[in-house]
Amino acid sequence: MAAVLPSSSLAPVAAGYSFSNSRSSVRFSQFKGLKIQSTRSSISTTSSSKIVPRGGRIVCEAQNTAVEVAAVNDKTWKSLVVESDLPVLVEFWAPWCGPCRMIHPVVDELAKEYGDKLKCYKLNTDESPSIATQFGIRSIPTVMIFKNGEKKDAVIGAVPKSTLTTCIEKFV
């Protein structure tokens, strides 16, 4: 059984926070992009179970925004990557990969910055394992740069934006 701590025993996460007594609203002045997601919890007692509202949990509103960069897969690989007139950046990733989630916003930013000079795609290695195998992907995230249909460079791991920018600049 989970212990419930009184709110007075919890340390604040940052200055500028405020909670209303009714738990209907929470304001984080320093944290933009956070929201409260309603939760319900099952609490077991000795002879019965009840559903008790617990307020909510704090979640990042941007957690599902990794869709800004288009997906590429087995069927679209040739037309989008191999036959592209522009250099192509492909992020090899999987939904269960934590470091992949960390690099998604970086790839999204790069796609916006290099919009007319570079095409960016994301390839889910769980959905298109044959492409990942063809290019020897053993660790994700892996970012590869293709030019004229050929692999030119690869960066493995959740690296800083500057590392990817340096790699891109060699081919645009």
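Using a distance-only test at 3.5 Å, with no hydrogens or angles considered, a donor-acceptor pair links the side chain of Lys147 to the main chain of Phe171.
Within the 4.5 Å cutoff, no side-chain heavy atoms of Asn73 are placed close to those of Asn124. In this structure, Ile131 and Phe92 have side chains that are in contact, with non-hydrogen atoms separated by less than 4.5 Å. Counting heavy atoms from C-beta on, the side chains of Val107 and Trp93 never come closer than 4.5 Å. Side-chain contact check for Thr163 versus Pro160: some heavy-atom pair is nearer than 4.5 Å. Residues Glu91 and Val69 have side chains not in contact (no heavy-atom distance under 4.5 Å, counting atoms from C-beta outward). A heavy-atom distance below 4.5 Å is found between the side chains of Ile137 and Met144.
Val143 and Val81 fall into different hydrophobic clusters, where Ile, Leu, Val, Met, Phe, Trp and Tyr residues are linked whenever their side-chain heavy atoms come under 4.5 Å apart, directly or through other members. Residues Tyr114 and Val106 share a single hydrophobic cluster, defined by chaining ILVMFWY side chains whose heavy atoms lie under 4.5 Å apart. Under the 4.5 Å side-chain heavy-atom criterion for ILVMFWY residues, a single connected hydrophobic cluster contains both Leu123 and Ile140. Neither Ile145 nor Tyr121 shares a network with the other; the hydrophobic side chains, linked directly or stepwise wherever heavy atoms of I, L, V, M, F, W or Y lie under 4.5 Å apart, form separate groups for each. Linking Ile, Leu, Val, Met, Phe, Trp and Tyr whenever their side-chain heavy atoms come within less than 4.5 Å puts Val82 and Leu80 in one cluster.
Atom CZ of residue Arg138 and atom OG1 of residue Thr133 lie 9.5 Å apart, to the nearest 0.5 angstrom. Note that CD of Glu169 is 12.0 Å distant from OG of Ser162, once rounded to the nearest 0.5 Å.
Atom NZ of Lys152 sits in a crowded spot, with more than 12 heavy atoms from other residues, nucleotides or ligands closer than 6.0 Å.
Annotation for Ser79 and Glu83: closest pair CA-OE1, 3.7 Å, computed over non-hydrogen atoms. Across every non-hydrogen atom of Asp153 and Lys170, the tightest pair is OD2-NZ, 2.9 Å. A pairwise comparison of heavy atoms in Pro141 and Ala158 identifies CG-N, 3.8 Å as the closest pair. Of all heavy-atom pairs spanning Leu118 and Pro87, the tightest one is CD1-O, 3.3 Å.
Salt-bridge check for Asp108 with Lys122: passed, with a basic side-chain N closer than 4.0 Å to an acidic carboxylate O.
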Check against side chain to side chain contact (heavy atoms under 4.5 Å, CB included), Ile103 and Leu164: CA-CA 10 Å; Ile103 203 169; Leu164 294 175; 4.0 Å; yes

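The aromatic rings of Phe135 and Phe146 sit perpendicular, their planes meeting at an angle over 60°, well past the 30° parallel limit.
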